[in-house]
Enquirer: 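Questions regarding the structure given below will be posed in turn.
The chains referred to below are lettered A, B, ... by the order of the sequence lines, with proteins before strands, and numbering in each begins at 1.
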Amino acid sequence: MSTLMESTRELVQRLQSGETAVSLTQSCLNAITSRDAAIHAFVRPIADGALADAASVDGRRQAGETLSPIAGIPIALKDNICTQGVATTCSSRMLEDFIPPYDAHVVTRLREAGAIIIGKTNLDEFAMGSSTENSAIGPTRNPWNTAHAPGGSSGGSAAAVAAQFAPLALGSDTGGSIRQPASFCGVVGLKPTYGRVSRYGLVAYASSLDQIGPFARDVEGAALLFDVIAGHDERDSTSVNRPVPKCWDTVNQPLTGLRVGVAKEHFGAGLDTEVEAATRKAIEVYRSLGATIVDLSLPHSKYAIAVYYLIACSEASSNLARYDGVHYGHRAEKFSNMIDMYKASRAEGFGAEVKRRVMLGTYALSSGYYDAYYLKALKVRRLIRNDFDAAFEKVDVILSPTSPMPAFKVGEMSDDPLKMYLADIYTISANLAGLPGISVPAGMSSSGLPIGLQLLAAPFEEERLLRAARMFENATDWSRRSPELNH
Amino acid sequence: MLTRDEVLKVAELGRLNLSEAEVEQFTQQLGKILGYVDVLNEVDVSNVEPMAHVADVSNVFRDDVARQSLPRGEALANAPKSDGKFFLVPQIIEGA
């Protein structure tokens, strides 16, 4: 049996009562060495650095220092989060040799708290995708069934937690890229409120939507990691300066008088019947816990995918203009002049999905189309946010499926980008509106694949969101299931 | 929906060399995606303010004091070509 089968709180207690960070880190590294060839969760493990960091934490603990509960716990980082001196590739040929000269804010926070960074995980190139197939180093596989995708774009981080390579991981969520892979891999994934976690050192995809957040085996783990990474940072001018609750201390307190909203738009065409059944069962779980169920409507949610792809691609086309083959990143060998150097370098450095999104965004922002596409999308975005503002006057959380389906097969969706985009239907609105959202395991399909439940809350209500999710987790045993691991 | 010439123009604006196969593929795929986003035309957005950002973004100021920045060597370390002092680029002004 793996050492990571236990709950996050048990893991913290083990470290506080004698187990060394070195031995825990070594067991994670051993698991990666023996089993990651089949999963491909990691772009690269960081073995030497991790063991040195673990030894330092053990030394501080033995010296009697009071440490953060996260001290000594191994964590995997999505490879779009900058790590000083360690390559950060975004799973792109463009950045295959990029070694950041600084740590992302979240990395600084983790190091200060004594978490052990054990490796960088695979993603859809520049976080653009929903399957982790758009990676220059090849796809990640779902630990529950390696014929299936882990979801994306943070598929490597989700798979690393599901396969028990690491008890915790960080991902980034621009349209569902934490919650959907959490759902596909049967783990917990939290997207914080926009502005809650500094994006300093997160390689930008769509800056008004991107947010870093935790993966864990249980809601407590997500709370623990959230506490460490949340809070103001002056290096990200959109990071919000307001107090951060101590979720680790309160996550086990059930909420009384909880009002759970259920929107009819979340049960429409295209929803898998087993996912729908699991979601309806979850509603009954909340009812049995004393929650009031409130029927809602979010009338503009059907426009969310169109709005998202216009805004995200527009922002991406602007953000990715920096990859010009001059300051860092790939430069082509052969070109005829300066402009051609840009074009050739970008043609060689970017994969198909990145090019597609740069093209779509460039088109939507171009003269003559700006009003019809980009500006229009920004207006509908406000209507989507208004729907949520009205809903959260009546409810504390909104419950829905995380994804309309369990994990699809590797290759099943890759020929049809639009079909892949449409599968993001339930997660995208939270990014457009800036809301916190969480996915928790809530069932298994008849073919043995996990099903995720999504809860959304009003901005900055992560503390209550985590408590509400923990109530469900404690009332069911879905979070305690693990895929069979081939040792 | 989208013409081949439009795709070539957008590729030029986006600074991407595309292969013949990519031009064909993007013409078809982007056309399909743009067809889908036309669903937004059914929404009445008169009197709706665009929302570029969810946070009430305002300017964030700080005092204009010099701070330590990245040392030159580290700033140049990831450059595809540098002479240790500057980023090197191909000749820009023709005939110079």
Enquirer: Which bit of A/S366 comes within less than 4.5 Å of chain B, counting heavy atoms only: side chain, backbone, both or neither?
Expert: side chain

Enquirer: I'd like to check the ring-ring contact (aromatic ring centres under 6.0 Å, His included) partners of A/F392; sequence neighbours left out, ordered by chain and number.
Expert: none

Enquirer: Highest number of heavy-atom pairs under 4.5 Å with chain B: which of A/L209, A/L418, A/L432?
Expert: A/L418

Enquirer: Enter the distance from B/E12:CD to A/T362:OG1 here, rounded to the nearest 0.5 Å.
Expert: 11.5 Å

Enquirer: Do you know the tightest heavy-atom contact between A/L378 and B/A52?
Expert: CD2-CA, 3.9 Å

Enquirer: Just do the side chain to side chain contact (heavy atoms under 4.5 Å, CB included) check on B/K32 and A/D416 with the steps written out, would you?
Expert: CA-CA 10 Å; B/K32 199 170 157 189; A/D416 189 345; 3.3 Å; yes

Enquirer: Output the option from A/V358, A/I339, A/L320, A/T193 having the highest count of non-hydrogen pairs under 4.5 Å with chain B.
Expert: A/I339

Enquirer: With chain A, which of B/V37, B/I33, B/L40 has the greatest number of heavy-atom pairs at distances under 4.5 Å?
Expert: B/L40

Enquirer: Identify the two heavy atoms, one from A/T238 and one from B/H53, that lie closest to each other, and give their separation to 0.1 Å.
Expert: CG2-CE1, 3.6 Å

Enquirer: What part of A/D415 is in contact with chain B, defined as an atom under 4.5 angstrom from a non-hydrogen atom: side chain, backbone, both or neither?
Expert: backbone

Enquirer: Side chain from CB out, backbone as N, CA, C, O: work out which of these in A/M338 comes under 4.5 Å of a heavy atom of chain B, or both, or neither.
Expert: both

Enquirer: Among A/N337, A/L310, A/L375, which has the most heavy-atom pairs under 4.5 Å with chain B?
Expert: A/L310

Enquirer: Within the side chain of A/K355, is there an N or O that forms a donor-acceptor pair under 3.5 Å with the backbone of B/L16?
Expert: no

Enquirer: What I'd like to find out is whether the side chain of A/K379 reaches to under 4.5 Å of the side chain of B/E49, using heavy atoms alone.
Expert: no

Enquirer: Between A/L360 and B/L34, is the side chain to side chain contact (heavy atoms under 4.5 Å, CB included) condition met? List the steps.
Expert: CA-CA 8 Å; A/L360 183 61; B/L34 289 170; 3.8 Å; yes

Enquirer: Which answer fits A/Y308, side chain, backbone, both or neither, if we ask what part of it has an atom under 4.5 Å from a heavy atom of chain B?
Expert: neither

Enquirer: Any chance you could measure A/L383, atom CG, to B/D44, atom CG, to the nearest 0.5 Å?
Expert: 8.5 Å

Enquirer: Looking at B/A79, B/P80, B/G14, which one has more heavy-atom pairs under 4.5 Å with chain A than the rest?
Expert: B/P80

Enquirer: Is A/F350 in contact with chain B via its backbone, its side chain, both, or neither, using a 4.5 Å heavy-atom distance?
Expert: side chain

Enquirer: Between A/Y373, A/Y421, A/Y309, which residue shows the highest count of heavy-atom pairs closer than 4.5 Å to chain B?
Expert: A/Y373

Enquirer: Looking at A/E234 and B/R67, does any basic side-chain N land under 4.0 Å from a carboxylate oxygen?
Expert: yes

Enquirer: Does a side-chain heavy-atom distance below 4.5 Å link B/L2 with A/Y363?
Expert: yes

Enquirer: Answer yes or no: is there a donor N or O on one side and an acceptor on the other, between the side chain of A/R346 and the main chain of B/R15, under 3.5 Å?
Expert: yes

Enquirer: Checking heavy atoms, do the side chain of B/A77, its backbone, both or neither come under 4.5 Å from chain A?
Expert: neither

Enquirer: Just so I know, are the side chains of A/D340 and B/N17 near enough to count as touching, which here means a heavy-atom distance under 4.5 Å?
Expert: yes

Enquirer: Can you measure from CZ (B/F87) to NE2 (A/H327) and round to the nearest 0.5 angstrom?
Expert: 4.5 Å

Enquirer: Give, for atom CD of B/E74 and atom CD of A/Q84, the distance between the pair rounded to the nearest 0.5 Å.
Expert: 7.0 Å

Enquirer: Please list all pairs passing the salt bridge (charged side-chain N to carboxylate O under 4.0 Å, His left out) test where one or both residues lie in residues 299-328 of chain A, with sequence neighbours left out.
Expert: A/K302-B/E42

Enquirer: Output yes when a side-chain donor or acceptor of B/N78 lies under 3.5 Å from a complementary backbone atom of A/I99, and no otherwise.
Expert: yes

Enquirer: Looking only at heavy atoms, what is the nearest atom pair of B/P50 and A/R382, with distance?
Expert: O-NH2, 3.3 Å

Enquirer: Can you tell me how far apart OG (A/S367) and CG (B/L13) are? Round to the nearest 0.5 Å.
Expert: 9.5 Å

Enquirer: Side chain, backbone, both or neither: which part of A/Y342 has a non-hydrogen atom closer than 4.5 Å to chain B?
Expert: both

Enquirer: Can you say whether A/R385 sits under 4.5 Å from chain B via the side chain, the backbone, both, or neither, judging by heavy atoms?
Expert: side chain

Enquirer: Of all heavy-atom pairs between A/M359 and B/V10, which one has the smallest distance, and what is that distance?
Expert: O-CG1, 3.3 Å

Enquirer: In terms of heavy-atom proximity below 4.5 Å to chain B, should A/V326 be classed as side chain, backbone, both, or neither?
Expert: both

Enquirer: Hey, which of A/G195, A/G434, A/P101 has the most heavy atom pairs under 4.5 Å with chain B?
Expert: A/P101

Enquirer: Can you name the closest pair of heavy atoms from A/H300 and B/V43 and give their distance?
Expert: CD2-CG1, 4.2 Å

Enquirer: Looking at chain B, which one of A/A352, A/P459, A/A433 has the largest number of heavy-atom pairs inside 4.5 Å, strictly under?
Expert: A/A433

